[in-house]
**Q** 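Mind looking over this structure? Questions follow.
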There are 2 protein chains.
Amino acid sequence: MSARPIPRYQQLKDMIVERISCGELRPHDRVPSENELVQSMNVSRMTANRALRELTDEGYVHRVAGRGTFVADFRSRSHVLEVHNIADEITGRGHAHSCEVLRHSRQHARGEVAKALHLEQGVDVFHVLIVHFENAVPIQVEDRHIVADFAPGCLDQDFRTITPSAYLTSISPLQEAEQVVRAQDPNAAVRAYLQMAVGEPCLVVVRRTWSHGRPVTFARLHHPGPRYELTGHYTLPGTRKTTSPDVVQLENLQR
Amino acid sequence: MSARPIPRYQQLKDMIVERISCGELRPHDRVPSENELVQSMNVSRMTANRALRELTDEGYVHRVAGRGTFVADFRSRSHVLEVHNIADEITGRGHAHSCEVLRHSRQHARGEVAKALHLEQGVDVFHVLIVHFENAVPIQVEDRHIVADFAPGCLDQDFRTITPSAYLTSISPLQEAEQVVRAQDPNAAVRAYLQMAVGEPCLVVVRRTWSHGRPVTFARLHHPGPRYELTGHYTLPGTRKTTSPDVVQLENLQR
DNA sequence: TGTACTAGCCTGTATATACAACTTGGCGAG
DNA sequence: CTCGCCAAGTTGTATATACAGGCTAGTACA
């Protein structure tokens, strides 16, 4: 009945992930090599190899034969968890991204925000309200709350040049995310921001993201229904020699 | 400049995945043990171990110390790729699922359907139109086309007792999926099926799924905006000792 | 000065070996 | 007949060793 001891390779992984999570090891920093782990951790090289190899598969580190092992960019982590960075999405389409910061302030968490972020009423949070444009057409209203002590420098950021999600991923790796998508009629303010006609629905994404085991940000993203689609392409891990399917632009098939 | 040879462990993985994909090894079947692979493939046990261990991580097989290695249920594969099985979702909430099959026929692929499934005009497809109910409330209209020669027994299925997605995953593992989510006003027929008021938007999921490198099914799923949300919870691989966040029921935060 | 080479470190893979823990089936004692 | 135990097969982990190949810095040589 006694629990199995935690394997050595897992201890190594935990140790390295911890040093990454707490900021001791930052992206592009060099991680101890297999031989250094052999020395310092008193394991065999194969055990160190397994730990580092699995961390590679999991996206924590990046290895180059002949050079070493390096902490991966947080943003390159699992794409399902990637904070939906609207700026990258737009520039990836070859279009111009711009935005307008409507609010950027410190507030006290109340009601739903406090509940969503697991905070007591009145704890400090930052509130950001941004409208994002694709080629000058409004495409997203980002209404985001950020736990203040997770991002102390938040008010110093210029969110016209770095999106909140890019800023947050630069602080610490994001480890869990919860997402709810729904179709909803916008209120008057959102409709105005998105320049939508009366009666047009919004695609709303509500997303909470965890780091170090606690929720750190809570975002409501409103998109104009007629102009926006949430697309995803999923490939099973370990699939080889798969012909990447050309992403056919699916037209509106509803008759 | 010469390409690195494909490693032995990868060859083992490819061989086993191929035997699973082609149907030679079916879910719950026993996969050769490490020692059997040592004999038949002329590798060391550690190499066989690595192949089977990685297939475990990737969700292809399931291992039990003392018993052996077994092909995993296709449906237990990566949750991002899981065909959105509305019946499981509803029963998972403790509610009753029922459905009404409005159409279940063989057709010739035309226009968008042929294009989406990479078929020539006129090739045989099955067309299924089903309304799904949660506790007698309509919650999804499933409008699905299936490549005929992928699922020859399709017309013999009773989709009141097994959903199309469950049927399809029972045929072959699904390997890739493409999904588009949007908010859209329903047409009159969909609005009637879902018993929606005029002006209420739909959450529409359009999904294509690949198997063996070709698209095999194409589904349009209409959900009533006010009653339905698409939820997802994502955890990074390799995350340990994370307290599973209680999924707070996020209320409608829009004021 | 500049080029070519090499030593040394690194990752990537492969093997042989060892021991622990789990599961099942069979066998023997009661 | 039943219970308990043990042997065999299986996975899970750990180690030592070996060789191939990539990368870099420094050195020897022209």
Side-chain angles (χ1 to χ4, degrees), chain A residues 1-17 20 25 27-72 76 237-238 240, chain B residues 1-17 19-20 25 27-73 76 237-238 240:
Chain A
M1 255 323 178
S2 66
R4 285 268 283 270
I6 296 177
R8 299 287 275 138
Y9 77 90
Q10 185 65 56
Q11 294 178 31
L12 289 189
K13 287 175 64 178
D14 290 344
M15 183 267 292
I16 294 167
V17 168
I20 293 175
L25 289 174
H28 307 292
D29 281 358
R30 189 171 174 283
V31 172
S33 73
E34 296 181 2
N35 280 320
E36 287 167 351
L37 290 173
V38 167
Q39 298 291 324
S40 62
M41 296 288 110
N42 200 38
V43 295
S44 74
R45 203 199 127 204
M46 285 307 294
T47 300
N49 175 270
R50 176 168 177 181
L52 292 176
R53 179 158 40 80
E54 293 191 0
L55 289 177
T56 304
D57 294 339
E58 293 161 10
Y60 283 98
V61 300
H62 163 234
R63 314 194 77 189
V64 182
R67 299 213 322 124
T69 303
F70 306 89
V71 177
S76 70
R240 286 169 54 80
Chain B
M1 254 319 186
S2 66
R4 285 270 281 270
I6 296 176
R8 299 286 278 138
Y9 78 90
Q10 185 64 55
Q11 294 178 29
L12 289 188
K13 288 176 64 178
D14 290 344
M15 183 267 293
I16 294 168
V17 167
R19 291 171 67 178
I20 292 174
L25 289 173
H28 307 293
D29 281 358
R30 189 172 173 283
V31 172
S33 73
E34 296 181 2
N35 280 321
E36 288 166 352
L37 290 174
V38 167
Q39 297 292 322
S40 63
M41 295 289 109
N42 198 39
V43 296
S44 74
R45 203 199 128 205
M46 285 307 293
T47 300
N49 176 270
R50 177 168 176 183
L52 292 175
R53 178 158 41 79
E54 292 192 1
L55 289 177
T56 304
D57 294 339
E58 293 162 9
Y60 283 97
V61 300
H62 164 233
R63 314 194 79 189
V64 182
R67 298 214 321 123
T69 303
F70 306 90
V71 178
D73 242 331
S76 70
R240 285 169 54 82

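For clarity, every value in this text was computed on a predicted model and none was experimentally measured. Quick note on labels: first sequence line is chain A, next is B, and so on, each numbered from 1.
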**Q** Go through the steps for B/Glu36 and B/Arg45 under the test salt bridge (Lys or Arg N to Asp or Glu O under 4.0 Å), then give the verdict.
**A** CA-CA 9 Å; B/Glu36 288 166 352; B/Arg45 203 199 128 205; over 6 Å; no

**Q** So, is B/Thr47 near the phosphate of C/dT15, with a side-chain N or O under 4.0 Å from OP1 or OP2?
**A**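 Affirmative; the distance criterion is met.
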
**Q** A/Arg63 side chain: which of C/dA14, D/dT15, C/dG12 is closest?
**A**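 That would be C/dG12.
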
**Q** Where do A/Leu37 and A/Val43 come nearest, in terms of heavy atoms and distance?
**A**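 Heavy-atom minimum between the residues: O-CG2, 3.9 Å.
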
**Q** Where each residue is assigned the nucleotide of DNA chain D containing its nearest heavy atom, which of A/Gly66 and B/Ala65 is assigned the position nearer the 5′ end?
**A**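 First, find each residue's nearest nucleotide; the 5'-ward one identifies B/Ala65.
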
**Q** Do A/Asp14 and A/Gln10 pair up side chain to side chain, a donor and an acceptor below 3.5 Å, judged on atom types alone?
**A**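 Result is yes, a qualifying pair exists.
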
**Q** Are side-chain N/O atoms of A/Arg63 and A/Thr69 paired as donor and acceptor at under 3.5 Å?
**A**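 Yes - a donor-acceptor pair under 3.5 Å links their side chains.
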
**Q** If I take atom CZ in residue A/Arg67 and atom P in nucleotide C/dC10, what distance separates them, rounded to the nearest angstrom?
**A**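 Value for this atom pair: 13 Å.
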
**Q** OP1 or OP2 of C/dC10 sitting under 4.0 Å from any side-chain N/O of A/Ser33?
**A**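 For C/dC10, OP1/OP2 do have a side-chain N/O of A/Ser33 under 4.0 Å.
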
**Q** When the distance from CD of A/Glu34 to P of C/dT13 is rounded to whole Å, what number comes out?
**A**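 Atom-to-atom, A/Glu34 to C/dT13, this comes out as 11 Å.
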
**Q** Nearest whole angstrom, please: distance from the P of D/dT11 to the CG of B/Asn49.
**A**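 Distance, rounded to whole Å: 9 Å.
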
**Q** Distance check needed: C/dT11 P versus A/Asn35 CG, whole Å only.
**A**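 Taking CG of A/Asn35 and P of C/dT11, I get 7 Å after rounding.
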
**Q** Would you indicate which nucleotide in C/dT15, C/dT13, C/dC10 comes nearest to any side-chain atom of B/Pro7?
**A**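 The closest nucleotide is C/dT13.
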
**Q** Would you classify A/Arg50 as touching base, sugar-phosphate or nothing, given that sugar-phosphate means primed atoms plus P, OP1 and OP2, and contacts are heavy atoms under 4.0 Å?
**A**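 The answer is sugar-phosphate, as A/Arg50 gets under 4.0 Å only of primed atoms, P, OP1 or OP2.
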
**Q** Without decimals, in angstroms, what is the distance between B/Arg45 CZ and D/dA16 P?
**A**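 Interatomic distance, CZ of B/Arg45 to P of D/dA16: 18 Å.
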
**Q** On the ring face of A/Tyr9, is A/Arg50 found with NZ or CZ under 6.0 Å from the centre and within 45° of the axis?
**A**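 The answer is yes, since A/Arg50 meets both limits relative to A/Tyr9.
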
**Q** Any side-chain N or O of B/Tyr9 less than 4.0 Å from the OP1 or OP2 oxygen of C/dT13?
**A**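 Yes, such a contact exists.
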
**Q** OP1 or OP2 of D/dA14 versus the side-chain N and O atoms of A/Ser44: is any pair under 4.0 Å?
**A**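 The answer is no; no side-chain N or O of A/Ser44 sits under 4.0 Å from OP1 or OP2.
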
**Q** In this structure, how many angstroms lie between the P atom of D/dG12 and the CE atom of B/Met46, rounded?
**A**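 So the CE-P distance, B/Met46 to D/dG12, works out to 11 Å.
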
**Q** Measure from CZ on A/Arg8 to P on C/dC19 and round the result to the nearest Å.
**A**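 So the CZ-P distance, A/Arg8 to C/dC19, works out to 19 Å.
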
**Q** Let me know the distance between CG of B/Asp57 and P of D/dG12, rounded to the nearest Å.
**A**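 Distance check: B/Asp57 CG to D/dG12 P gives 10 Å.
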
**Q** Any side-chain N or O of A/Arg53 less than 4.0 Å from the OP1 or OP2 oxygen of C/dT13?
**A**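 Negative; the distance criterion is not met.
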
